[in-house]
Chemist: 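Can you read through this structure? Questions will come right after.
Bear in mind that the values here come from a model prediction, so they are computed numbers and not experimental data.
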Amino acid sequence: MRLLSLVLGSLLLAPVGMSGTVFVAPLEGAQVLGAQALEISTDAAAVDRVDFSVDGILAGVARKAPYRIVYDFGTSLLPRTITATVWSQGFKSSERTSITTTAFTAADTLDVDIVELPLRVRSSFPIRPADLRVRENGVEQIVRDVRRERPPAHFAFVVDRSLSMDGGKLDAALGAVRDATRQLAPGDTSSLVLFNHHVDRPRSASARIDVTPSGGTALRDALVSVASRQRTYAIVITDGGDRNSLLTEEAALRKISGVKTTLHALVLGDEHTRFLDRVAANTGGSVTEASRETVARELQRVLEDINSRYLVIYQSRGTERGWRRIEVQPLRRGLAIVSARKGYFAE
């Protein structure tokens with residue numbers, strides 16, 4: 001009986017790579033860093049669940065299509081064995097497939113910064129690393145990955161509560177933020193920072209609060225308060241002025257324009273400081289005019305734009321501190337770069 005059980009078990013568990021199950025992401029031989037999607041496609045019928053494991057340890061379970069989880073590989077570029085086991089037919093059948101990712105090569109043993117470059121493109125085909133050329137301060141970089149799915153991130157909503165935000169503008173902005181928090185993806189986090197001539201501490205972005213417009217405006221100080229070393233989308237809603245910041249424009253630009261923060265601005269009016277244009281351009285974000293009536297719709301469009309961008313990941317070989325200029329060129333016909341981060345300050 002024991003021999004019969006072993007034979008039956010071997011029939012139920014298909015050999016690695018022999019099933020109709022294939023990895024969509026990552027691909028064989030890719031290099032994996034940070035939070036990344038693990039996804040498979042399968043032709044198995046009546047799938048019960050898909051178990052993903054990394055180096056023999058269960059990483060997560062997907063129970064419905066698309067069969068995908070997000071796994072954090074950390075900051076070390078190591079070889080990994082990723083396995084997906086597809087259970088089907090009431091857990092009576094299983095199929096398994098595996099891929100192996102790669103580590104540093106001998107040429108990679110340099111001090112490098114991992115740079116994430118959100119990219120808006122026009123393309124009729126999925127983009128791969130070989131489709132792009134990335135230069136930093138004129139030096140060509142090695143593109144490690146191009147991701148279509150946005151990894152989890154922190155959304156910092158920065159809302160102007162100065163006296164000029166009266167007339168219903170502040171209430172409309174806060175309502176738009178509450179609606180936006182319900183549209184974030186699993187794994188995302190959020191916070192709300194209110195500011196006038198003072199910058200408040202972060203609070204829950206989804207809570208209803210009672211606040212009255214008052215005081216001046218310290219826009220630069222407020223934006224610097226949310227700059228982070230984690231993946232952050234800073235979305236500021238303001239009437240565009242700045243009369244009370246302690247930080248100069250150049251000092252604020254230096255602190256905000258890192259590799260992890262992207263700034264988008266919604267300006268409730270038709271005027272704003274040049275500072276917003278500069279920081280949005282530096283970080284690959286946008287500046288959009290809105291009104292009390294349209295702020296919720298425009299914020300929704302910003303979120304859709306963030307979710308529709310590719311994320312290009314490369315390892316900077318730069319060693320100098322200061323501003324590092326980024327240039328991106330398409331290498332394939334039918335691919336156009338719409339917008340990208342102009343660069344970042346390396347400390």
Chemist: Under 4.5 Å between any side-chain heavy atoms of Asp188 and Phe155, yes or no?
Modeler: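 Of all side-chain heavy-atom pairs linking Phe155 with Asp188, at least one is under 4.5 Å.
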
Chemist: Taking Arg254 for its side chain and Phe345 for its backbone only, find out whether a donor-acceptor pair lies under 3.5 Å.
Modeler: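 Such a contact is absent between Arg254 side chain and Phe345 backbone.
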
Chemist: Tell me whether Arg147 forms a cation-pi arrangement with Tyr310, defined as NZ or CZ under 6.0 Å from the six-membered ring centre and within 45 degrees of its axis.
Modeler: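 Because its charged atom misses either the 6.0 Å distance or the 45° angle limit, Arg147 does not stack over Tyr310.
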
Chemist: Between Arg220 (side chain) and Leu247 (backbone), is there a donor-acceptor pair under 3.5 Å?
Modeler: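 Indeed, once roles are kept as given, a pair shorter than 3.5 Å links the two residues.
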
Chemist: Are Asp200 and Arg203 close enough, and set up right, to give a salt bridge (Lys or Arg N to Asp or Glu O under 4.0 Å), and what steps lead you there?
Modeler: CA-CA 9 Å; Asp200 292 356; Arg203 66 181 79 193; 3.4 Å; yes

Chemist: Mark yes or no for whether Asp221, through its side chain, and Val224, through its backbone, hold a donor-acceptor pair below 3.5 Å.
Modeler: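 Such a contact is absent between Asp221 side chain and Val224 backbone.
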
Chemist: Ignoring hydrogens and angles, write down the donor-acceptor pairs under 3.5 Å from the side chains of residues 131-139, residues two or more places apart or on other chains.
Modeler:
from	atom 1	to	atom 2	distance (Å)
Asp131	OD2	Arg128	N	2.9
Arg135	NH1	Gln329	OE1	2.6
Glu136	OE1	Tyr314	OH	2.6
Glu136	OE1	Ser316	OG	3.4
Glu136	OE1	Tyr344	OH	3.0
Glu136	OE2	Ser316	OG	2.5
Glu136	OE2	Tyr344	OH	3.3
Asn137	OD1	Arg325	N	2.8
Asn137	ND2	Glu320	OE2	2.8

Chemist: Do any N or O atoms from the side chain of Thr261 and from the backbone of Gly258 form a donor-acceptor pair under 3.5 angstrom?
Modeler: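 Such a contact is absent between Thr261 side chain and Gly258 backbone.
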
Chemist: When rounded to the nearest 0.5 angstrom, what distance separates OG1 in Thr238 from NZ in Lys169?
Modeler: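 Reported value, rounded in 0.5 Å steps: 9.0 Å.
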
Chemist: For the residue pair His154 and Thr189, confirm or rule out a side-chain donor-acceptor distance under 3.5 Å.
Modeler: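 Yes.
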
Chemist: Could you check if a side-chain atom of Asp160 sits within less than 4.5 angstrom of a side-chain atom of Ile237, using non-hydrogen atoms only?
Modeler: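 Result no, sub-4.5 Å side-chain heavy-atom pair not found.
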
Chemist: Got a second to check how far Leu219's CG is from His197's NE2, nearest 0.5 Å?
Modeler: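 Reported value, rounded in 0.5 Å steps: 15.0 Å.
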
Chemist: Is the closest side-chain heavy-atom distance between Asp145 and Val32 below 4.5 Å?
Modeler: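 A side-chain contact is absent here, since even the closest heavy-atom pair is not under 4.5 Å.
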
Chemist: Has the side chain of Asp239 got a donor or acceptor atom that lies under 3.5 Å from a matching backbone atom of Gly269?
Modeler: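 Flag not set: sc Asp239 to bb Gly269 has no pair under 3.5 Å.
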
Chemist: Any side-chain to backbone donor/acceptor pair from Asn307 onto Leu303? Under 3.5 Å, distance only.
Modeler: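 Pair found, side chain donor or acceptor close to backbone of Leu303.
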
Chemist: Assess the residue pair Val50 and Thr85 against the criterion (side chain to side chain contact (heavy atoms under 4.5 Å, CB included)); give the C-alpha distance rounded to whole Å, side-chain angles, the decisive distance to 0.1 Å, and a yes or no.
Modeler: CA-CA 6 Å; Val50 178; Thr85 303; over 6 Å; no

Chemist: Side chain of Arg49, backbone of Val86: donor and acceptor closer than 3.5 Å?
Modeler: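 Not confirmed, Arg49 side chain does not pair with Val86 backbone.
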
Chemist: State, yes or no, whether a side-chain contact exists between Phe157 and Thr181 at a heavy-atom distance under 4.5 Å.
Modeler: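 Answer yes - side chains close enough.
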
Chemist: Look only at the side chain of Thr294 and the backbone of Ala290, and say whether a donor-acceptor pair between them is shorter than 3.5 Å.
Modeler: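 A pair under 3.5 Å: no.
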
Chemist: Can any side-chain N or O of Thr42 pair as donor or acceptor with the backbone N or O of Ala44 at less than 3.5 Å?
Modeler: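 The answer is yes, because a donor-acceptor pair under 3.5 Å joins these two groups.
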
Chemist: With rounding to the nearest 0.5 angstrom, report the CD1 to CG distance, Ile127 to Leu331.
Modeler: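 So the CD1 of Ile127 and the CG of Leu331 are separated by 11.0 Å.
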
Chemist: Which atoms form the tightest heavy-atom contact between Pro202 and Ser191, and what is the distance?
Modeler: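 Here Pro202 and Ser191 meet closest at CB-CB, 4.2 Å.
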
Chemist: Which residues pass the salt bridge (Lys or Arg N to Asp or Glu O under 4.0 Å) test with Arg161, sequence neighbours left out?
Modeler: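 By the salt bridge (Lys or Arg N to Asp or Glu O under 4.0 Å) rule, Arg161 matches no residue at all.
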
Chemist: Hey, are Lys342 and Glu327 close enough for a salt bridge, meaning a charged N less than 4.0 Å from a carboxylate O?
Modeler: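 Glu327 and Lys342: not salt-bridged.
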
Chemist: Would a 4.5 Å heavy-atom cut-off, applied to side chains only, mark Thr83 and Phe52 as touching?
Modeler: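 Contact flag for Thr83/Phe52 side chains = no.
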
Chemist: Can you check whether Ile306 reaches Val302 side chain to side chain, under 4.5 Å on heavy atoms?
Modeler: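 In short, these two side chains touch, coming nearer than 4.5 Å.
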
Chemist: Looking only at heavy atoms, what is the nearest atom pair of Asn196 and Ser162, with distance?
Modeler: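 Distance-wise, the nearest heavy atoms are CB-CA, 3.9 Å.
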
Chemist: Would you list the atom pairs, donor with acceptor, under 3.5 Å between side chains in residues 54-66 and any protein atom, with sequence neighbours excluded?
Modeler:
from	atom 1	to	atom 2	distance (Å)
Asp55	OD1	Thr81	N	2.9
Asp55	OD2	Arg80	NH1	3.4

Chemist: From the options Arg150, Arg341, Lys260, Arg309, select the one residue that forms a salt bridge (Lys or Arg N to Asp or Glu O under 4.0 Å) with Glu116.
Modeler: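 The passing option is Lys260.
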
Chemist: Between Gln141 and Gln315, do the side chains contain a donor N or O and an acceptor N or O under 3.5 Å apart?
Modeler: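 No, no side-chain donor-acceptor pair sits under 3.5 Å.
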
Chemist: Look only at the side chain of Gln89 and the backbone of Ala45, and say whether a donor-acceptor pair between them is shorter than 3.5 Å.
Modeler: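 Yes; at least one donor-acceptor contact below 3.5 Å.
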
Chemist: Do Val70 and Pro151 make a side-chain contact, defined as non-hydrogen atoms from C-beta onward lying under 4.5 Å apart?
Modeler: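 Heavy-atom side-chain distance check fails, nothing below 4.5 Å.
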
Chemist: Flag the pair Pro129 / Arg144 as yes when at least one side-chain heavy-atom distance between them is below 4.5 Å, and no otherwise.
Modeler: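 Contact flag for Pro129/Arg144 side chains = no.
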
